[in-house]
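Below is one structure, written out as structure tokens, with a few remarks after it.
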Amino acid sequence: TLSDLPEYILEYVLDDLELVDKLSLRKVSKELRKTVDNHKCENSFVLVHFEADSSQIELARNYITYSDENGKSTYDIMTRSLDSDGEMKLKYKEKPRVTDGEHWELLIRDLSTFLGNPNWKFCGVLWDFDEDVDEDKLTPPDIGQKQIQLIENMLKTTPLQVYTLTIQSTE
């Protein structure tokens, strides 16, 4: 199995994985979680968008969109890559994930998983609240307040490995 491969081969495989794939791989088993968490990862920027109906994490060539549909929290993964002709193509996967709570709570939990890992470093993190959203679709103030509280709690317990942290809001 993958877990039985020698450590140096797993490191080689991890070097080629996108951050989104590393997040998925660490959910397979405790042993793989330990291997992924111990692997050094450096990425340029993480963009986090919070909106009323959905939220998104953007990492290099990956987009993870979290949303609530029909009472279920889901997330979609979209990966950009170059095909053999050098053209940009998108690969898209939808992964329904039923959980208690709002889509942005899922996003913050996943975000704290990799932002708090001391082996994963980032140049910058940009938090965007309701950016480029029509005023009639802005996140209700009580939800925005809950989001900020959850982020504050995450920042209190998670030592971030980032060079800059920027928070933008329409308010």
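Note that the structure is a prediction, hence the values are computed from the model and not measured.
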Measuring from atom [atom1] of [X] to atom [atom2] of [Y], what distance do you get when rounded to the nearest 0.5 angstrom?
X	Y	atom1	atom2	answer
Leu10	Asn38	CG	CG	11.5 Å
Leu106	Ser55	CG	OG	9.5 Å
Glu7	Leu14	CD	CG	8.5 Å
Tyr66	His49	OH	NE2	13.0 Å
Leu107	Ser54	CG	OG	10.0 Å

Would you say that [X] contacts [Y] through its side chain, given a criterion of any heavy-atom pair below 4.5 Å between the two side chains?
X	Y	answer
Val125	Thr164	no
Asp128	Leu47	no
Glu58	Val48	no

In the single-linkage hydrophobic clustering (I, L, V, M, F, W, Y; side-chain heavy atoms under 4.5 Å), do Leu126 and Ile57 co-cluster?
no

Gln56: what forms a side chain to side chain donor-acceptor pair (under 3.5 Å) with it, not counting sequence neighbours?
Thr65

Sequence neighbours excluded, the answer for side chain to side chain donor-acceptor pair (under 3.5 Å) partners of Glu31 is none

Evaluate Lys22 against Leu25 for side-chain contact (heavy atoms from CB on, under 4.5 Å), listing each step before the verdict.
CA-CA 5 Å; Lys22 290 177 185 176; Leu25 183 61; 5.6 Å; no

Which other residues belong to the hydrophobic cluster containing Tyr12, where Ile, Leu, Val, Met, Phe, Trp and Tyr are joined when side-chain heavy atoms lie under 4.5 Å apart, directly or via other members?
none

